[in-house]
Colleague: 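Right, I'll just put the structure down here and ask away after.
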Amino acid sequence: MVTNSYIVETLEITAKLMELHDADEFRIRAYTNAVFYIDKYTGDLATLDFGQLTQIQGVGKMMAGKILEIVSSGTLKELQELLANTPEGVIDMFKIKGIGVKKIKVLWKEVGIDNINDLQIACENGSLANTKGFGGKTQESILQSIAFLNSQTGKLRMDKAQALAEVIQEDLKKYFARVEISGEVRRKNEIVESLLFLVSNADTHAGGFFGGLPESFVEDPKASSPFTWRGRYLDNKIGLEIKWVATYQFLHKQFIYSADANHLKRKNEKGQTLLKVSKTDGLASEEEVYEKYGIPYIIPEMREGDFAFDWIQTRKNEDLVSWESLKGIMHNHSTYSDGRHSLEQMATYCQELGFEYLGIADHSQSAQYASGLLITKVQQQHAEIEQLNKKLNASGGKPFKILKGIESDILGDGSLDYPDEVLASFDYIVASIHSNLNMTEPRANERLVRAIENPYTTILGHPTGRLLLSRQGYPIDYKLIIDACAANGVIIEINASPYRLDLDWRWIQYALEKGVMLSINPDAHEMEGYHDMHYGVAVARKGGLTTDMTFNALSLADMEAYLAKRKGR
DNA sequence: GCCGTTTTCGGCCCGACTGTTTTCAGTCG
């Protein structure tokens, strides 16, 4: 079934190509305008008929027909024609940050550059700066963006990697008796550079193990060897590695390919490494590997580097945060700002999932692109929350509460986005940076610390603003920021969106040492977004976060007590 | 191409930032 985001992306690229090919400016605007509204549509577009589609703002008779065409055929005839008349390299250039359709049009039609490689050369030899509208700084930023792009190709975010790995696993199961996902996916890395599978047959083959794989597995014969197949799956750019393992070796191989090198080579008191111990004959489980090595079991997520060896000395695996230990959801959006579902829908679904509270934190007034809340809207939302809180508890049962929050923009000077009397009307405040992301480290630190020192700040939202594989985020001094949070009793968010996973899990231990609590926040813009907390939990466990230091593992009563005490200071 | 009417066609749009400009165009969230 065609998803809403697929329809949006199809119309978006069509609009871009139309602009590239000199279509009427207002016709193009109609496309982007329609995209703007259908992106907000909460139902399934694929299920709507012509009449229902034209009810959507920005969608007229023509656009409704286009959407139906995408739903039935998977594409647009118009788009196919545009694509046929555009070099592939030009389309690739859309991925470069900082240049848009207009500049790409100049590059292609006036300068004659139709691929990223030629563009890079023109920037490196400085010739691009001679073109009107381009200068030295633009050249520099294009080069930086290309370098970033190159460093990201062939990598996947954990959500995509996990999904693809499961598809491949199912496919491989047709050919092998046993197929296990190993490597980075099993370790729950936030970015995955290669997919690794271990396979074995019921009996050993004489003539090669991978001969029967179908065409969806594209082998690179130069990189492969008799026991290791290397290549790609369909047109995915990420590297794929399949290792054939004899049945009796499976445990040992699964163990060493699930951990990273630093984890395997750390020595115990007897001078043995885990790598060596795992080879011992007769071991039946990974638990036994650690037992024989002389320490408690370490979960696969934590087999990155060697911090887990120290962690396990003072903590237990049962102390690690889990989905089941979460009691509420703290950072969520509704239709009051840029969310797809109403306050009531968000609350009802949260209650259905068994949580005790929902923190609504819509965007604040300066975030106009996201329909941030003007003060009157804030008051209106608070009134609705109070009504809903009565309604949702009317039938008795487990108490449930919507908490009045806001995701306040951190303004350029580090202040929050409302006057004090409005800030005081919230139960809690998530403070995040959304604008002016181009900052030097000192400037970013100063801006963040000022926000952290604001007595109304409860949680620091996505501390670096990074978007994995697409935006680096502004540079910060992690220790300085975490220390400031410790000094001011501010909680740090682990934004659980697979695009962010920010705070980076590598800083969880430092935060815990300083006594800073962390909150696993989905930043949900729709009901299903709550499930992103699974990614947040995965990286939180990877970094060794314990339930007792997880903010949204507090019960409703403890959360209310905390927020009341915090407000009273 | 869509919308909202001045119902048959004219106007359409969000603001901050950046870089390349000598007063503005392009990009982005």
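First the proteins, then the strands, lettered A, B, ... as listed; each starts at 1.
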Colleague: Below 6.0 angstrom between ring centroids: does that apply to Phe426(A) and His382(A)?
Modeller: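 Close enough - the centres of the two rings lie under 6.0 Å apart.
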
Colleague: Of the options dG1(B), dC12(B), dT18(B), whose atoms approach the side-chain atoms of Arg27(A) most closely?
Modeller: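 Of dG1(B), dC12(B), dT18(B), dG1(B) is nearest to the side chain of Arg27(A).
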
Colleague: Both Gln139(A) and Ile104(A) contact DNA chain B. Which one's nearest nucleotide lies toward the 5' end?
Modeller: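 That would be Gln139(A).
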
Colleague: dG29(B) phosphate, OP1 or OP2: any side-chain N/O from Arg471(A) under 4.0 angstrom?
Modeller: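 Answer is yes, contact under 4.0 Å.
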
Colleague: Write down the atom of Asp483(A), the atom of Tyr510(A), and the distance for their closest heavy-atom approach.
Modeller: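 Scanning both residues, the minimum pair turns out to be OD1-OH, 2.7 Å.
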
Colleague: Whole Å only: how far is the CZ atom of Arg29(A) from the P atom of dC3(B)?
Modeller: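 Answer to the nearest Å: 15 Å.
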
Colleague: For dG15(B) versus dC9(B), give the span between their P atoms, rounded off to a whole number of Å.
Modeller: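 Per the computed distance, 32 Å lies between those P atoms.
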
Colleague: Just call it for Ile28(A): base, sugar-phosphate, or nothing, with non-hydrogen atoms closer than 4.0 Å on any strand.
Modeller: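 Answer is nothing: Ile28(A) stays at 4.0 Å or more from every strand.
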
Colleague: Can you label the angle between the Tyr478(A) ring and the Trp507(A) ring as parallel, tilted or perpendicular, going by 30° and 60°?
Modeller: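 Answer is parallel, since the angle falls under 30°.
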
Colleague: Nearest to the Lys137(A) side chain among dG1(B), dT20(B), dC3(B), which nucleotide is it?
Modeller: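 The nucleotide sitting nearest to the side chain is dT20(B).
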
Colleague: Atom CG of Asn130(A) and atom P of dT20(B): how far apart are they, to the nearest Å?
Modeller: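 Whole-Å distance recorded here is 13 Å.
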
Colleague: How far does the C1' atom of dT21(B) sit from the matching atom of dG10(B), given to the nearest Å?
Modeller: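 33 Å, rounded to whole Å.
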
Colleague: Taking the side chain of Lys97(A) as heavy atoms from C-beta outward, which of dG1(B), dC28(B), dG4(B) is closest to it?
Modeller: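 So the nucleotide nearest the side chain must be dC28(B).
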
Colleague: Could you work out the separation of dT8(B) and dC13(B) based on their C1' atoms and round it to a whole Å?
Modeller: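 It comes out at 24 Å once rounded to the nearest Å.
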
Colleague: Do Phe355(A) and Tyr530(A) make the cut of ring centroids closer than 6.0 angstrom?
Modeller: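 When the ring centroids of Phe355(A) and Tyr530(A) are compared, they turn out to be at least 6.0 Å apart.
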
Colleague: Check every atom of dG26(B), dG1(B), dG19(B) against the side chain of Thr138(A) and return the nucleotide holding the closest atom.
Modeller: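 Of all the options, the side chain of Thr138(A) is nearest to dG19(B).
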
Colleague: With nearest nucleotide decided by heavy atoms, which residue, Ala34(A) or His434(A), maps closer to the 5′ end of DNA chain B?
Modeller: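 Nearest nucleotide further toward 5': that of Ala34(A).
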
Colleague: About how many Å separate CG of Asp502(A) and OG1 of Thr464(A), when rounded to the nearest 0.5 Å?
Modeller: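 Reported value, rounded in 0.5 Å steps: 3.5 Å.
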
Colleague: Can you check the Ile433(A) CD1 to dG29(B) P distance for me, whole Å?
Modeller: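 So the two atoms are 15 Å apart, to the nearest Å.
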
Colleague: Could you give the distance separating dG11(B) and dT5(B) at their P atoms, to the nearest angstrom?
Modeller: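 16 Å, rounded to whole Å.
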
Colleague: Sticking with atom P, work out how far dT6(B) lies from dC12(B), rounded to a whole angstrom.
Modeller: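 Looking at atom P only, dT6(B) and dC12(B) are 15 Å apart.
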
Colleague: Does any nucleotide pair with dT8(B) by Watson-Crick or G-U wobble geometry, both distances under 3.5 Å, and what is it?
Modeller: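 Across any shown strand, dT8(B) pairs with none.
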
Colleague: With the criterion set at under 5.5 Å between ring centres and under 30 degrees between planes, would dC12(B) be stacked on Phe26(A)?
Modeller: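 So Phe26(A) counts as stacking on the base.
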
Colleague: Go through dG19(B), dA16(B), dC2(B) for me and flag the one nearest to the Asn436(A) side chain.
Modeller: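 For the Asn436(A) side chain, the nearest candidate turns out to be dA16(B).
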
Colleague: Do the ring planes of His525(A) and His333(A) sit parallel (below 30°), tilted (30 to 60°) or perpendicular (above 60°)?
Modeller: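 If you compare the ring of His525(A) with that of His333(A), the planes turn out parallel.
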
Colleague: Measure from the side-chain heavy atoms of Met62(A) and tell me the nearest of dG29(B), dC2(B), dC13(B).
Modeller: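 Nearest to the side chain of Met62(A) among the choices is dC2(B).
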
Colleague: Write down the distance separating the P atoms in dT20(B) and dG26(B), rounded off to the nearest Å.
Modeller: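 Rounded to whole Å, the distance is 14 Å.
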
Colleague: Over how many whole Å does the gap from Lys132(A) atom NZ to dG19(B) atom C1' extend?
Modeller: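 Spelled out: NZ on Lys132(A) to C1' on dG19(B) is 13 Å.
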
Colleague: Just how far, in rounded Å, is P of dC28(B) from NZ of Lys102(A)?
Modeller: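 Spelled out: NZ on Lys102(A) to P on dC28(B) is 11 Å.
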
